[in-house]
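Step one of this worksheet: look at the structure below.
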Amino acid sequence: MNRIKILVVEDDVFIAQDISEHLTSLDYWVTGVAYQAVEAYEELEKELPDLVLLDINLGKGEDGISIAQHIQKEYQIPFIFLTSYSSSSVLDRAKPTHPMGYIVKPFNEQDLFSSIEIGLYNYAQRWQPANWNPQTINRKLFTEFTPKEVEVLQDIFEGKTNRQLSQKHHISLNTVKTHVKRIYEKLEVHARSEAMAKLRKELAR
């Protein structure tokens with residue numbers, strides 16, 4: 001499966017539900033909804049998402065910035081802050097965690113989509129291998145990828161959805177799914193986040 005997996009951390013039940021509906025409409029897969037830090041940690045342990053939408057102010061207990069620090073240390077996956085507060089003091093605390101975006105409430109579906117797209121792309125660029133040609137990839141990974149699979153792999157790395165892959169490569173969704181399945185099998189992974197982690201590790205050698 002190549003749907004981008006997103007964890008929502010938001011203490012307002014109605015806003016969390018609204019975000020989840022927007023994400024589903026945009027063809028993302030919501031792995032879970034957490035209302036407090038302890039629930040966020042449990043969700044991260046259960047299923048690692050490709051990105052976290054993270055409210056800064058969660059009421060009682062740890063706030064979103066503390067969760068961001070934990071994500072940065074333990075998982076190294078991208079996150080985007082959601083907040084009703086845009087004061088300089090909040091920004092000063094948020095910036096050192098290196099978020100991939102910062103959305104001020106209220107926001108609409110297009111704001112959400114744009115922030116996720118840009119966030120995933122920027123995160124991929126941070127870890128972008130210097131050379132994506134099949135010879136280099138195959139030599140580094142000791143696996144035989146076809147030129148088309150390398151192209152699709154790069155697009156997966158940059159955060160493109162199945163639908164976007166289909167449009168870019170002028171192939172059907174079923175063909176996209178077949179390419180993705182073969183790529184994951186060759187990498188011995190089951191999800192985008194696992195693929196990115198393995199690529200970062202192996203291509204850095």
Side-chain angles (χ1 to χ4, degrees), residues 2-37 39-59 62-128 155-161 164 191-197 200:
N2 190 38
R3 289 173 66 192
I4 293 169
K5 301 189 295 183
I6 298 178
L7 171 63
V8 178
V9 183
E10 165 62 62
D11 68 331
D12 186 302
V13 175
F14 297 106
I15 294 177
Q17 182 178 353
D18 192 41
I19 292 171
S20 296
E21 289 173 357
H22 283 320
L23 293 174
T24 301
S25 174
L26 292 166
D27 201 33
Y28 297 120
W29 175 18
V30 179
T31 61
V33 176
Y35 304 106
Q36 296 178 339
E39 294 173 348
Y41 297 144
E42 289 171 357
E43 291 292 338
L44 286 164
E45 283 291 323
K46 256 194 313 189
E47 182 163 13
L48 191 64
D50 300 306
L51 179 138
V52 181
L53 290 176
L54 185 55
D55 187 19
I56 288 181
N57 185 10
L58 296 173
E62 295 180 58
D63 65 6
I65 294 175
S66 295
I67 298 172
Q69 291 166 342
H70 178 78
I71 290 171
Q72 199 176 36
K73 179 182 177 182
E74 300 295 332
Y75 300 104
Q76 297 180 338
I77 57 174
F79 53 88
I80 294 172
F81 281 129
L82 310 173
T83 184
S84 301
Y85 305 96
S86 56
S87 67
S88 58
S89 60
V90 171
L91 287 170
D92 286 343
R93 285 190 63 220
K95 283 187 288 187
T97 64
H98 303 291
M100 289 296 108
Y102 190 91
I103 309 176
V104 179
K105 303 172 189 175
F107 51 85
N108 58 34
E109 190 170 285
Q110 187 56 48
D111 294 332
L112 202 58
F113 176 73
S114 300
S115 296
I116 291 169
E117 289 283 289
I118 292 170
L120 286 171
Y121 180 80
N122 286 342
Y123 190 76
Q125 295 307 301
R126 178 184 293 181
W127 299 100
Q128 187 77 268
D155 290 333
I156 291 171
F157 195 84
E158 292 181 356
K160 287 185 172 61
T161 63
Q164 290 169 324
R192 179 190 301 262
S193 53
E194 293 177 22
M196 288 186 67
R200 287 200 303 265

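Remember, it's a predicted structure, so these values are computed and weren't measured experimentally.
Taken from CD1 in I116 to CD1 in I6, the straight-line distance is 3.5 Å, to the nearest 0.5 Å. Taken from OG in S115 to CD1 in I103, the straight-line distance is 3.5 Å, to the nearest 0.5 Å. Residue H70 holds its NE2 atom at 12.0 Å from CZ of F79, rounded to the nearest 0.5 Å. Separation of atoms CG (D12) and OG (S84) is listed at 9.0 Å; rounding is to 0.5 Å. Taking CG from L44 and CD1 from I67, the interatomic distance works out to 8.5 Å, rounded to the nearest 0.5 Å. Note that the NE2 atom of H98 and the CD atom of Q72 stand 5.5 Å from one another [nearest 0.5 Å].
Closest approach of L120 to P78, counting heavy atoms only: CD2-CG, 4.2 Å. Of all the heavy atoms in F113 and L26, the pair that sits closest is CB-CD1, 3.8 Å. Here the shortest heavy-atom pairing between E43 and T31 reads OE1-O, 3.8 Å. Closest heavy-atom contact between P99 and A94: CD-O, 3.5 Å.
Results of the side chain to side chain contact (heavy atoms under 4.5 Å, CB included) test with F81 over V52, V9, L54 single out L54 as the only residue that passes.
Of the possible polar contacts, none joining the N122 side chain to the G119 backbone as a donor-acceptor pair under 3.5 Å is found. Using modelled atom types, one side-chain atom of N57 and one backbone atom of G59 make a donor-acceptor pair closer than 3.5 Å. Proximity of a side-chain donor or acceptor of D18 to a complementary backbone N or O of E21 within less than 3.5 Å is not detected.
Considering only heavy atoms from C-beta on, Y123 stays 4.5 Å or farther from D50 through its side chain. Side chains of L82 and I19 form a contact here, defined as non-hydrogen atoms less than 4.5 Å apart. At least one side-chain heavy atom of V33 sits under 4.5 Å from a side-chain heavy atom of Y35.
Side-chain contact annotation: Y75 with E45, donor-acceptor N/O pair under 3.5 Å present. Of the N and O atoms on the side chains of E117 and Q164, at least one donor lies less than 3.5 Å from an acceptor on the other residue. Checking Q110 against S114 by side-chain atom types alone, a donor-acceptor pair falls below 3.5 Å.
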Apply side chain to side chain contact (heavy atoms under 4.5 Å, CB included) to the pair L23 and S20, showing each step before the final yes or no.
CA-CA 5 Å; L23 293 174; S20 296; 5.5 Å; no
